[in-house]
Chemist: 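Dropping the structure in here first, questions after.
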Amino acid sequence: MITPRTGSAAVRRAIGGDVRLEICPDYRDDYLGQQVSKLYADEFTAADLICHVDSDVIFTRPVSPADLLDGGRPWIVRRAVSQLGRHRPWLAPTEEFLGRPVAYDFMQQPPFTYPRRLYPEVRALSLERHGIPLDRYVTGRPPRGFSEFNVLGAHAYGTHRTAFAWYDADTAQVPQLCRWYWSRGGIDAGVRRELEGIVGGPTGSTHSAVGRRRRGGP
């Protein structure tokens, strides 16, 4: 688990000693800062594949690395931009960063799994196209002015398409591994009952395997 330095002691107490905790810098805008942490995830681990599980996501059943792959390839769920409503604030920033049109929303279904080689490629793209390191680019954006999973997904689709399995949203093939909540929405009585049912249900306790604590979610 990755968490900002501020509050890291409380996170350590909450997760116990069985989970490796990594500390990342504090950022003025932590919505953007937590995206920086993910875009440098390969520097926190030596794993060949990196699976992102935000703190507003909970697994609903036991999950193994095999569940994150289809035929040995990481899977990503996509939805065509033409199928989205008018509110899509992530689109223009993603196209601006990549320098090309983006046809899909790649932030449709967590968890999000990528090979480690993708991260330095995206960081190199920031230097090539914008002349500054990726952390400076992201933290210099306006509030909600970047979408890390759409940038990673669109880059993967454009440059490594055959290395991934692509599922269209709302189809029967989409793996259902977890529930995704809105971290700014709070936990009302209904959500609390649902969470308690998941954690205490027949699958037993669930944990986020690789995550980044959000102080401000989408």
Side-chain angles (χ1 to χ4, degrees), residues 1-3 11 14-16 18-22 24 30-31 34-35 37-39 41-42 44-45 47-79 83-84 90 104-116 118-119 147-154 156-157 164-218:
M1 177 173 287
I2 302 171
T3 187
V11 173
I15 65 176
D18 295 333
V19 178
R20 180 163 64 92
L21 184 67
E22 294 283 351
C24 66
D30 198 54
Y31 177 76
Q34 53 90 19
Q35 296 189 55
S37 299
K38 296 170 191 170
L39 293 164
D42 57 309
F44 291 98
T45 177
D48 292 330
L49 293 172
I50 299 173
C51 176
H52 296 274
V53 185
D54 279 334
S55 61
D56 52 6
V57 171
I58 185 170
F59 286 114
T60 56
R61 65 177 181 84
V63 173
S64 72
D67 294 309
L68 308 175
L69 305 174
D70 180 345
R73 300 175 299 170
W75 52 262
I76 295 179
V77 180
R78 64 186 182 180
R79 186 185 298 275
Q83 297 177 357
L84 302 174
W90 57 271
Y104 294 96
D105 177 0
F106 298 99
M107 198 173 170
Q108 284 287 310
Q109 177 68 45
F112 303 100
T113 307
Y114 312 100
R116 66 178 300 110
L118 214 62
Y119 301 85
S147 176
E148 77 282 33
F149 293 137
N150 271 302
V151 165
L152 288 165
Y157 190 75
F164 292 80
W166 304 95
Y167 294 125
D168 289 317
D170 299 330
T171 60
Q173 291 78 20
V174 175
Q176 301 296 326
L177 306 181
C178 53
R179 287 293 306 272
W180 195 5
Y181 298 88
W182 186 40
S183 57
R184 290 185 174 179
I187 300 178
D188 60 21
V191 170
R192 184 175 298 279
R193 285 193 300 271
E194 185 173 291
L195 292 171
E196 290 174 348
I198 294 171
V199 174
T203 59
S205 179
T206 59
H207 296 275
S208 294
V210 179
R212 165 66 155 90
R213 185 174 70 91
R214 282 181 185 260
R215 286 199 296 249

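The basis for the numbers below is simple: all heavy atoms, side chains too, and nothing from hydrogens, waters or symmetry mates.
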Chemist: Indicate the atoms forming the closest heavy-atom contact of Leu69 with Pro74, along with that distance.
Modeler: CD2-N, 3.6 Å
Chemist: If you round to the nearest 0.5 Å, how far is CZ of Phe44 from CE of Met1?
Modeler: 13.5 Å
Chemist: Under the side chain to side chain contact (heavy atoms under 4.5 Å, CB included) test against Phe106, which residue among Trp90, Phe112, Trp166 passes?
Modeler: Trp166
Chemist: How long is the span from the CZ atom in Arg193 to the CD atom in Glu196, to the nearest 0.5 Å?
Modeler: 9.0 Å
Chemist: What's the shortest heavy-atom distance between Asp70 and Ala165, and which atoms?
Modeler: CB-CB, 3.7 Å
Chemist: Does the side chain of Phe164 come within less than 4.5 Å of Tyr157's, by heavy atoms?
Modeler: no
Chemist: Which of these passes side chain to side chain contact (heavy atoms under 4.5 Å, CB included) with Phe149: Ile76, Leu39, Asp54?
Modeler: Asp54
Chemist: Determine the minimum heavy-atom distance between Pro111 and Leu177, stating which atoms define it.
Modeler: CD-CD1, 4.1 Å
Chemist: Quick one, Val53 with Phe59, criterion side-chain contact (heavy atoms from CB on, under 4.5 Å). Give me CA distance, side-chain angles, the key distance, then yes/no.
Modeler: CA-CA 9 Å; Val53 185; Phe59 286 114; 3.8 Å; yes
Chemist: Indicate yes or no: at least one non-hydrogen side-chain atom of Leu118 is less than 4.5 angstrom from one of Ile50.
Modeler: no
Chemist: If you round to the nearest 0.5 Å, how far is SG of Cys51 from CG of Asp67?
Modeler: 10.0 Å
Chemist: side-chain contact (heavy atoms from CB on, under 4.5 Å) between Gln108 and Tyr167: does it pass, once the steps are laid out?
Modeler: CA-CA 10 Å; Gln108 284 287 310; Tyr167 294 125; over 6 Å; no
Chemist: Please evaluate residues Trp75 and Thr113 with respect to the criterion side-chain contact (heavy atoms from CB on, under 4.5 Å), reporting the C-alpha separation (whole Å), side-chain torsions for both, the decisive distance (0.1 Å), and the verdict.
Modeler: CA-CA 7 Å; Trp75 52 262; Thr113 307; over 6 Å; no
Chemist: Are any non-hydrogen side-chain atoms of Leu49 and Pro115 less than 4.5 angstrom apart?
Modeler: yes
Chemist: To the closest 0.5 Å, what do you measure between CG (Asp30) and CD (Gln35)?
Modeler: 10.0 Å
Chemist: Would you mind reporting whether Ile58 and Tyr181 have side-chain heavy atoms less than 4.5 Å apart?
Modeler: yes
Chemist: If a pair satisfies salt bridge (Lys or Arg N to Asp or Glu O under 4.0 Å) and one of its residues is in residues 167-181, list it, with sequence neighbours excluded.
Modeler: Arg78-Asp168, Arg79-Asp170, Arg179-Glu194
Chemist: Hey, does the side chain of Asp188 reach the backbone of Val191 with a donor-acceptor pair shorter than 3.5 angstrom?
Modeler: yes
Chemist: Does any part of the side chain of Gln176, heavy atoms only, come nearer than 4.5 Å to the side chain of Arg61, both counted from C-beta?
Modeler: no
Chemist: Any chance you could measure Ser55, atom OG, to Ile2, atom CD1, to the nearest 0.5 Å?
Modeler: 12.0 Å
Chemist: Does the side chain of Met107 come within less than 4.5 Å of Trp180's, by heavy atoms?
Modeler: yes
